[in-house]
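Take a look at the structure set out below.
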2 protein chains.
Amino acid sequence: MTITLQPIKPKKISDQVFEQIRELIFRGQLKAGEQLLPERELSEAMQVSRTTVRNAINKLVVLGLLEHKQGQGTFVRFPDTRLDNPLAAAMEVEDATIADLLEVRMGLECNAAALAAQRANEEDLRFMDASLEEMRVEVASGRLGTEADTAFHMALAYATKNPVHVYIMKNFYDFLFVGIKKNLSHLYEDPANIDQILSQHSEIIEAIRKKDAQDALQAMHRHIQFVQDFFRKRG
Amino acid sequence: MTITLQPIKPKKISDQVFEQIRELIFRGQLKAGEQLLPERELSEAMQVSRTTVRNAINKLVVLGLLEHKQGQGTFVRFPDTRLDNPLAAAMEVEDATIADLLEVRMGLECNAAALAAQRANEEDLRFMDASLEEMRVEVASGRLGTEADTAFHMALAYATKNPVHVYIMKNFYDFLFVGIKKNLSHLYEDPANIDQILSQHSEIIEAIRKKDAQDALQAMHRHIQFVQDFFRKRG
DNA sequence: TTGTGTAAATGGTATGACCATTAGCTATTT
DNA sequence: AAATAGCTAATGGTCATACCATTTACACAA
């Protein structure tokens with residue numbers, strides 16, 4: 001008789017809270033600079049003690065995602081200020097360029113788009129729609145829609161239902177953000193480019209909604225290639 | 001009259017405790033692997049509440065200097081363990097399966113194969129040839145050729161000349177070695193599978209040698225799909 | 001208008017209790 | 001004697017409650 005038993009992995013409550021809040025940040029539901037719900041309200045909403053919530057928040061503070069301000073509240077830090085994640089650090093050492101990053105994203109995200117087309121549920125689509133819409137609003141207001149842009153790609157990552165992919169993209173997130181914001185600002189300056197990107201995102205969403213994996217993959221390919229071409233022209 | 005007043009810096013008690021314990025570690029009074037005093041004793045010795053001590057310790061845990069073990073105590077982590085790859089840690093927490101891993105590799109490595117076909121030089125090809133040959137020898141000697149297998153995929157990663165891709169693959173295969181070696185062993189047990197894999201690797205190399213990106217991509221795709229199918233059949 | 005005081009909101013600390021897990025010892029069984 | 005089960009103590013994790021410290025906002029008085 002050969003039975004295989006899986007080892008049980010005990011999960012601390014505070015870590016579950018930690019995950020939940022971190023998700024909110026990555027998905028863009030908690031934007032940079034925004035204030036987190038007070039600890040007392042969080043503990044009530046999540047039905048755990050304030051102690052547990054504090055442990056989770058403290059972890060996020062140490063990791064640089066949140067910031068405590070006594071007497072005021074807890075706030076989401078701006079990604080620019082947190083270049084301490086391992087991937088970003090590696091970028092500094094190896095002299096990785098945006099082109100390198102886009103190349104890897106081409107492989108990762110085209111594949112992800114195909115997977116998402118097979119597995120995305122209603123909620124995933126709502127997140128993607130929301131980020132697209134938010135990006136429209138942001139851009140229309142004269143701002144760069146970088147946060148919404150990032151949120152879109154993270155929403156797509158979650159839609160793959162693949163924890164490994166989600167994990168990698170999470171680590172990409174900070175670098176993505178900084179890279180996009182700093183360098184893509186030029187890309188966003190031209191209204192024509194903005195329209196292009198918006199429609200590209202839209203095409204990706206529609207392909208996923210139709211559950212057409214091939215189409216989704218190609219739409220993503222066009223999107224990333226568009227950005228690549230832009231940088232090639234700029235040198 | 002010009003007087004200069006220094007702004008007061010409010011210092012949290014927990015941070016003072018944090019500093020003190022960190023000093024102990026840095027000065028070597030708390031050596032790696034050693035057990036920290038229990039929280040209750042620490043709080044008594046330092047005349048602060050256990051809550052405060054816990055906050056300080058938690059900070060050190062998040063920073064990777066200490067390690068919690070419920071029911072046992074808190075220990076000083078070994079420095080080499082501090083640099084362990086983040087991906088392996090994620091695998092523990094998220095319940096990632098081999099299938100998840102292969103899915104992501106499908107995207108990453110197919111893309112990498114195409115890039116390698118465009119950029120691989122003589123040295124890269126020699127490394128890939130060498131790993132292929134080594135795997136043949138290992139297998140012929142009755143051993144599993146997992147290390148040579150890994151070496152092949154790493155050689156391909158380097159051939160892309162893309163530092164971001166190399167970085168990700170490094171972490172990837174650290175994990176593969178640590179956790180998944182035993183699962184892959186079944187795949188290697190059947191000689192027919194080995195021959196398949198060897199010829200698949202060979203096809204990939206040849207496509208790269210011919211600088212045929214499309215061909216390389218498809219060869220890699222067949223290779224990974226073969227492994228995926230194997231695991232699907234095994235359930 | 002200006003300054004002052006007060007109240008509310010919010011993070012920080014303190015206690016004390018209890019739960020969950022682990023290691024080690026003890027008693028029981030075989 | 002050896003193996004197993006059961007118990008106990010140590011230790012980290014969670015909870016509830018109270019109070020302290022800081023900041024902001026607002027009302028009020030000079």
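Here is how names work: the chains are called A, B, and so on, in the same order as the sequence lines, proteins then strands, and each is numbered from 1. Quick note: numbers below take in every heavy atom, side chains included, and nothing from hydrogens, waters or symmetry partners. Keep in mind that this is a model prediction, so the values were computed, not measured.
- For Asp124(A) (side chain) and Asn121(A) (main-chain N/O), a donor-acceptor pair under 3.5 Å exists by modelled atom type.
- Checking the phosphate oxygens (OP1, OP2) of dG12(C), no side-chain nitrogen or oxygen of Ser14(B) falls inside 4.0 Å.
- dT22(D) atom C1' lies 13 Å from atom NZ of Lys69(A), rounded to whole Å.
- Counting only heavy atoms from C-beta outward, the side chains of Val76(A) and Leu36(A) never approach each other to under 4.5 Å.
- The shortest non-hydrogen separation linking Arg77(B) to Gly64(B) is CD-O, 3.3 Å.
- Distance, Glu67(A) CD to dT23(D) P: 14 Å, rounded to whole Å.
- With contacts defined as side-chain heavy-atom distances shorter than 4.5 Å, the pair Thr51(A)/Thr51(B) does not qualify.
- In this pair, His201(A) and Phe152(A) present their aromatic rings parallel. The plane angle is below 30°, not in the 30 to 60° band.
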Are Glu123(A) and Arg27(A) close enough, and set up right, to give a salt bridge (charged side-chain N to carboxylate O under 4.0 Å, His left out), and what steps lead you there? CA-CA 12 Å; Glu123(A) 191 189 10; Arg27(A) 302 195 90 130; 5.7 Å; no

In sequence, state the C-alpha distance, the side-chain angles, and the governing distance for Asp229(B) and Arg232(B), and then conclude on salt bridge (charged side-chain N to carboxylate O under 4.0 Å, His left out). CA-CA 5 Å; Asp229(B) 288 341; Arg232(B) 277 200 200 101; 2.9 Å; yes

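- The distance from atom CG of Asn58(A) to atom P of dG12(C) is 7 Å, rounded to the nearest whole Å.
- Between the side chain of Asn58(B) and the main chain of Arg54(B), a donor-acceptor pair closer than 3.5 Å is present.
- The NZ-P distance, from Lys12(B) to dG11(C), rounds to 12 Å in whole Å.
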Every protein N/O within reach of nucleotides 20-22 of chain C N/O, cut-off under 3.5 Å:
| unit_1 | atom_1 | unit_2 | atom_2 | d |
| --- | --- | --- | --- | --- |
| dA20(C) | N3 | Gln70(B) | OE1 | 3.2 |
| dT21(C) | O4' | Gln70(B) | OE1 | 3.3 |
| dT22(C) | O3' | Gln72(B) | NE2 | 3.3 |

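- Using a 4.0 Å cutoff on non-hydrogen atoms, the parts of residues 36-50 of chain A near DNA chain C are Pro38(A), Glu39(A), Arg40(A), Arg50(A), ordered by number.
- Between Thr52(B) and dG12(C) there is no side-chain N or O to OP1 or OP2 distance below 4.0 Å.
- With rounding to whole Å, Gln16(B) atom CD is found 10 Å from dA14(C) atom P.
- Here Thr51(A) lies in heavy-atom contact (under 4.0 Å) with a base.
- Rounded to a whole Å, the CZ atom of Phe75(B) is 9 Å from the P atom of dA23(C).
- Summarising the geometry, the separation between CZ on Arg54(B) and C1' on dC19(C) is reported as 13 Å, rounded to the nearest angstrom.
- Between Ile13(A) and Gly73(B), the residue whose closest nucleotide on DNA chain D is further toward the 5' end is Gly73(B).
- In this structure, the CG atom of Leu66(A) is 12 Å from the P atom of dG12(C), given to the nearest Å.
- Taking all atoms of both residues into account, the shortest heavy-atom contact from Ala32(A) to Glu147(A) is N-OE1, 3.4 Å.
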